[in-house]
Amino acid sequence: MAFLIYTLAAFAEIAGCFSFWVWLKEGRSALWLFPGCLSLALFAWLLTLIDASAAGRAYAAYGGIYITVAVFWMWCADGIRPDRADLVGVALSLAGTAVILFAPHKG
């Protein structure tokens with residue numbers, strides 16, 4: 001369940017940030033900010049659903065999922081196909097996420 005929540009949170013965060021990107025970098029209407037703010041609020045709420053002993057640990061584990069979704073977004077939304085370095089980075093970040101999520105923790 002954590003993986004699904006993290007994935008949904010990553011899409012919500014990226015979509016929210018993307019709306020600010022198109023407003024500021026591409027000169028689109030400020031109306032883009034409304035769905036962007038809603039999406040960022042959804043992102044924050046989703047992360048509160050993670051069962052973790054510490055908020056920092058939940059956020060750290062989220063990082064690898066975020067990187068994976070961001071590379072997927074780059075491919076689908078920006079039309080830039082990931083190269084070998086992108087895929088190696090994704091693999092390394094997911095390895096870090098797995099260590100944080102599945103290793104025994106003392107607190």
Contacts table for residues 90-104: side-chain donor-acceptor under 3.5 angstrom, sequence neighbours left out:
from: Ser93; atom 1: OG; to: Gly89; atom 2: O; distance (Å): 3.3
from: Ser93; atom 1: OG; to: Val90; atom 2: O; distance (Å): 2.9
from: Thr97; atom 1: OG1; to: Ala61; atom 2: O; distance (Å): 2.8
from: Thr97; atom 1: OG1; to: Gly64; atom 2: N; distance (Å): 3.2
from: Thr97; atom 1: OG1; to: Ser93; atom 2: O; distance (Å): 3.2

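- Leu24 and Leu40 fall within the same hydrophobic cluster, where Ile, Leu, Val, Met, Phe, Trp and Tyr residues are linked whenever their side-chain heavy atoms come under 4.5 Å apart, directly or through other members.
- To the nearest 0.5 Å, atom CD1 of residue Ile5 and atom CG of residue Asp51 are 9.0 Å apart.
- Atom CE of Met1 sits about 9.5 Å away from atom CD1 of Ile50, to the nearest 0.5 Å.
- The CE atom of Met74 sits 7.0 Å away from the CG atom of Asp83 when rounded to the nearest 0.5 Å.
- Put simply, the side chain of Ser39 gets close to the backbone of Ala12: a donor and an acceptor are under 3.5 Å apart.
- Side chain of Asp78 to backbone of Ile80: no donor-acceptor contact under 3.5 angstrom is found.
- Applying the ring pair (Phe, Tyr, Trp, His ring centres under 6.0 Å) test to every pair with at least one member in residues 3-33, sequence neighbours left out, gives these pairs: Tyr6-Tyr62, Phe18-Trp73.
- Cluster membership check: Leu87 does not share its hydrophobic cluster with Ile67, using side-chain heavy-atom separations under 4.5 Å among Ile, Leu, Val, Met, Phe, Trp and Tyr.
- Going from atom SG of Cys37 over to atom CG of Leu42 covers 13.0 Å, rounded to the nearest 0.5 Å.
- Note: the hydrophobic cluster containing Val22 does not contain Phe34 (ILVMFWY, side chain heavy atoms under 4.5 Å, direct or indirect links).
- Within the model, atoms OH of Tyr66 and OG1 of Thr7 stand 13.5 Å from one another, a figure rounded to the nearest 0.5 Å.
- In the hydrophobic clustering, where aliphatic and aromatic side chains (Ile, Leu, Val, Met, Phe, Trp, Tyr) are joined below 4.5 Å either directly or transitively, Trp75 stands alone.
- The CD atom of Glu13 sits 13.0 Å away from atom CG of Leu8, with the distance rounded to the nearest 0.5 Å.
- Tracing side-chain contacts under 4.5 Å through hydrophobic residues (I, L, V, M, F, W, Y), one reaches Phe43 starting from Leu49; they form part of the same cluster.
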